[in-house]
S.K.: 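Sending over a structure as structure tokens; questions will come in a sec.
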Amino acid sequence: MIKEYHNLTAREIAAGVKSRKFRAVEICRTALEKAFSAGKNLNAFITVTAELAQRQAEAIDARVISGEPVGPLAGVPVALKDNICLTGYPTTCASHILDGFTPPYDATCARRLCNAGAVIIGKTNMDEFAMGSSNENSYYGPCANPIREDLVPGGSSGGSAATVAARIAPLAYGSETGGSVRQPASFCGLCGLKPTYGGISRYGLVAFASSMDQIGPLARNTEDLALAYQTVCGRDEHDSTSVAFEHPDYLNLTSVERKFRFGLPMEFLGEGVDRDVKQNIETAIEQLRKRGHEIINISLPHSPLAIAVYYVIADAEASSNLARFDGVRYGLREEAEELEEMYRRTRSQGFGAEVKRRIMLGTYVLSAGYYDAYYYKAQQVRELIRRDFEQAFQKVDLLITPTAPTVAFSRGDKVSDPLAMYLSDIFTAPANLAGIPALSAPCGFTSEKLPVGLQFIGPPFGEAMLFQASYALEMILKENAVL
Ligand code: GLN
């Protein structure tokens, strides 16, 4: 057990393993002990991949000893959301319907992590098929927030956020369709990135809404977040939507002591935002202004329509993507005399309530007679939302908004009111609809000591600016002893 593990960042672990200050197997043992203790209490993991982790850690140590090169994440414990495929271990998407399914291949993201020397310690809990904002829609039970266990960690990547916040691993990956990395990051006091659409390969990520899905990393600070993105981003021949972009060195966080021009969309700081959240965002903005960054008010006139548009498009795509879970191809099968009865039973037993609600809504908005009124209309408004951003980025470098209208709420608070739950995504979903990158960074605490997240939104492939802005904010908060 390594005593200082608790405080080590991913960069420090990799440097320590390379310089033989630590052995990867000791780091791994510490991480696994925590996964089995804290991780179990929080219900953060669906599977702990102990055997794989040990094997990977031993291999890294052997390479270090023989002087062979090791990657940028040498010996760094990493957790993956359980909708990211990893050969030989179940991928459940926190759904009963995938019982017994073990993928025969690695997601590109998982593969790149392994090639970079990472040690994969487990598959994390989540909302079923990534549908939810609280990690309460899991067949494996809810996951708790390590800051206060009666609170939700956010969702759908709740288990990944809890893993990093509880310091079981310095890095974890989640997935985003409408805010599922940024909102849990804000609820757990972490940094979380939703990359530009096409920034990280989706190969091996179980599809929810393919036109928005992206894998995204979570970390305790900006530098680790940049490292986590840098390691897995880039074109992949297995995903035709991944983009061949010349990625810069994202770890170059300070060399350009850049003064930003930030836009403050007035639609995002009005009604419905908790007072405490608003206050913390305003204080952070004031601090940025004092350091010479410029802040101007702007408008994103179509953003109030984002939630409605998001839930039409996401559910439409989900209803199509989830048609493949039929009792024949993957996982669970409920036996019956007739084929159709087998489909019916499997799907009615296998999917949870929220997933069924989405499939029904999605099927409805795609059906003849309603397609034009709902789905087609939503696609038109989606384009207007994208253009609002395009125009904003002609005037400013980045936008600042709260990540979520509230801080972490109590378990059970919103389960019986899906619409209230959907409103958690009000500030995050616009970036997914527009395909642009956004980052949530901690910016302060409420009077009850709960973390508040601030969101930076950037133009396509503006990740380098997002990291620099997040780093600038982090430095200010550290100086002011807020973090
Ligand atoms: N909370 C949103 C939803 O339920 C976002 C989910 C996500 O980003 N995967 O759809």
Side-chain angles (χ1 to χ4, degrees), residues 80-84 93-95 124-138 142-143 152-161 172-187 192-195 197 200 202 205-218 306-322 351-362 365 378 382 403-406 408-409 413-415 417-440 453 455 457:
L80 300 175
K81 185 174 181 175
D82 206 19
N83 58 355
I84 300 174
C93 294
S95 182
T124 58
N125 201 349
M126 57 185 281
D127 285 299
E128 186 176 357
F129 285 105
M131 296 171 184
S133 304
S134 65
N135 209 136
E136 290 167 295
N137 300 332
S138 168
C143 172
V152 302
S156 61
S157 312
S160 290
Y173 291 77
S175 71
E176 272 260 0
T177 305
S180 281
V181 166
R182 286 165 287 161
Q183 186 253 22
S186 103
F187 281 18
L193 174 74
K194 190 288 262 199
Y197 186 74
I200 298 180
R202 290 183 294 117
L205 168 69
V206 179
F208 164 6
S210 314
S211 75
M212 293 182 274
D213 294 343
Q214 270 294 292
I215 290 174
L218 292 133
I307 282 292
V309 169
Y310 169 79
Y311 277 94
V312 170
I313 295 174
D315 294 358
E317 294 186 26
S319 72
S320 164
N321 275 326
L322 271 56
F351 289 132
E354 181 61 26
V355 176
K356 287 181 192 163
R357 184 178 299 125
R358 307 272 182 125
I359 292 173
M360 284 191 284
L361 268 169
V365 300
R382 177 182 192 172
T403 304
T406 68
F409 46 85
D413 250 18
K414 301 192 181 181
V415 267
D417 187 353
L419 287 182
M421 192 72 94
Y422 294 174
L423 283 176
S424 302
D425 310 321
I426 191 156
F427 303 137
T428 46
N432 303 77
L433 288 164
I436 56 180
L439 183 159
S440 178
Q455 172 175 237
I457 307 178

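Each ligand, and each atom within it, is numbered from 1 in the order the structure gives. Predicted model only: the values in this text are computed from it and were never measured.
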S.K.: Got an N/O contact under 3.5 Å between Ser175 and ligand 1?
M.R.: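 For ligand 1, there is no N or O atom that lies under 3.5 Å from one belonging to Ser175.
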S.K.: Side chain, backbone, both or neither: which part of Arg358 has a heavy atom under 4.0 Å from ligand 1?
M.R.: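 It is the side chain that gets close, since no backbone atom is under 4.0 Å.
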S.K.: Counting from 1, what ligand 1 atoms have a heavy atom of Thr177 closer than 4.0 Å?
M.R.: 7 (C), 8 (O), 9 (N)
S.K.: Consider every N or O of Gly132 and every N or O of ligand 1, then say whether any pair is closer than 3.5 Å.
M.R.: yes
S.K.: Among Lys81, Lys194, Gln214, find the residue that satisfies the side-chain hydrogen bond (donor to acceptor under 3.5 Å, both in side chains) test when tested with Ser175.
M.R.: Lys81
S.K.: Which residue and non-hydrogen atom of the protein lie closest to atom 2 (C) of ligand 1, and at what distance in Å?
M.R.: Asp425 OD2, 3.0 Å
S.K.: Identify, for atom 7 (C) of ligand 1, the protein heavy atom at the shortest distance, and state residue, atom and that distance.
M.R.: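 Nearest protein contact, heavy atoms only, for atom 7 (C) of ligand 1 is Ser180 OG, 2.4 Å.
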S.K.: Parallel, tilted or perpendicular, judged at 30° and 60°: which one describes the rings of Phe187 and Phe409?
M.R.: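 Taking Phe409 first and then Phe187, their aromatic rings stand perpendicular (interplane angle over 60°).
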S.K.: Ignoring hydrogens and angles, tell me if any N or O in the side chain of Gln183 forms a donor-acceptor pair with the backbone of Thr403 under 3.5 Å.
M.R.: no
S.K.: What atoms in ligand 1 come closer than 4.0 Å to a heavy atom of Phe208?
M.R.: 9 (N), 10 (O)
S.K.: What are the atoms of ligand 1, with element, lying closer than 4.0 Å to any heavy atom of Ser156?
M.R.: 9 (N)
S.K.: Side chain, backbone, both or neither: which applies to Ala130 and ligand 1 if a contact is any heavy-atom pair less than 4.0 Å apart?
M.R.: both
S.K.: Would you kindly say whether Glu317 and Ser211 are connected by a side-chain donor-acceptor distance under 3.5 Å?
M.R.: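 There is such a pair between these side chains.
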S.K.: Please check: side-chain N/O of Asn432 versus main-chain N/O of Thr177, any donor-acceptor pairing under 3.5 Å?
M.R.: yes
S.K.: Using a heavy-atom cut-off of under 4.0 Å, does the side chain or the backbone of Tyr422 touch ligand 1, or both, or neither?
M.R.: neither
S.K.: So does Phe427 get a backbone contact from the side chain of Gln455, meaning a donor-acceptor N/O pair under 3.5 Å?
M.R.: yes
S.K.: Under the 3.5 angstrom rule, does the side chain of Glu176 hit a backbone N or O of Arg182 as a donor-acceptor pair?
M.R.: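 Present.
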S.K.: Within the 4.0 Å heavy-atom shell around Glu176, which atoms of ligand 1 are there?
M.R.: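 Within the 4.0 Å cut-off of Glu176, ligand 1 contributes 8 (O).
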S.K.: Give the residue and atom name of whichever protein heavy atom lies nearest to atom 3 (C) of ligand 1, and the separation in Å to one decimal.
M.R.: Tyr311 OH, 3.3 Å
S.K.: Once you round to the nearest 0.5 Å, how far does CG of Asn137 lie from OG of Ser95?
M.R.: 11.0 Å
S.K.: Quick one: does any side-chain atom of Asn135 pair with a main-chain N or O of Gly159 as donor and acceptor, under 3.5 Å?
M.R.: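 Answer holds: yes.
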S.K.: Measure the distance from atom 10 (O) of ligand 1 to every protein heavy atom, then report the residue, atom name and distance (to 0.1 Å) of the closest one.
M.R.: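 The protein heavy atom lying closest is Tyr310 OH, 2.7 Å.
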S.K.: Quick one: does Ala314 get within less than 4.0 Å of ligand 1, heavy atoms only?
M.R.: no
S.K.: Give me the nearest non-hydrogen protein atom to atom 1 (N) of ligand 1 as residue plus atom name, then the distance to 0.1 Å.
M.R.: Ser133 OG, 2.8 Å
S.K.: Just jot down the ligand 1 atoms closer than 4.0 angstrom to any heavy atom of Gly178, in number order.
M.R.: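 Every atom of ligand 1 under 4.0 Å from some heavy atom of Gly178: 5 (C), 7 (C), 8 (O).
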S.K.: Would you give the length of the straight line joining atom CZ of Arg358 to atom CG of Asn321, rounded to the nearest 0.5 angstrom?
M.R.: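 These two atoms lie 13.5 Å from each other.
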S.K.: Counting each atom of ligand 1 from 1 as listed, which ones have a heavy atom of Met131 under 4.0 Å away?
M.R.: 4 (O)
S.K.: Side chains of Ser440 and Ser186: donor-acceptor distance under 3.5 Å anywhere?
M.R.: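 Ser186 and Ser440 do not have a side-chain donor-acceptor pair below 3.5 Å.
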S.K.: Gly155 to ligand 1: N or O pair under 3.5 Å?
M.R.: no
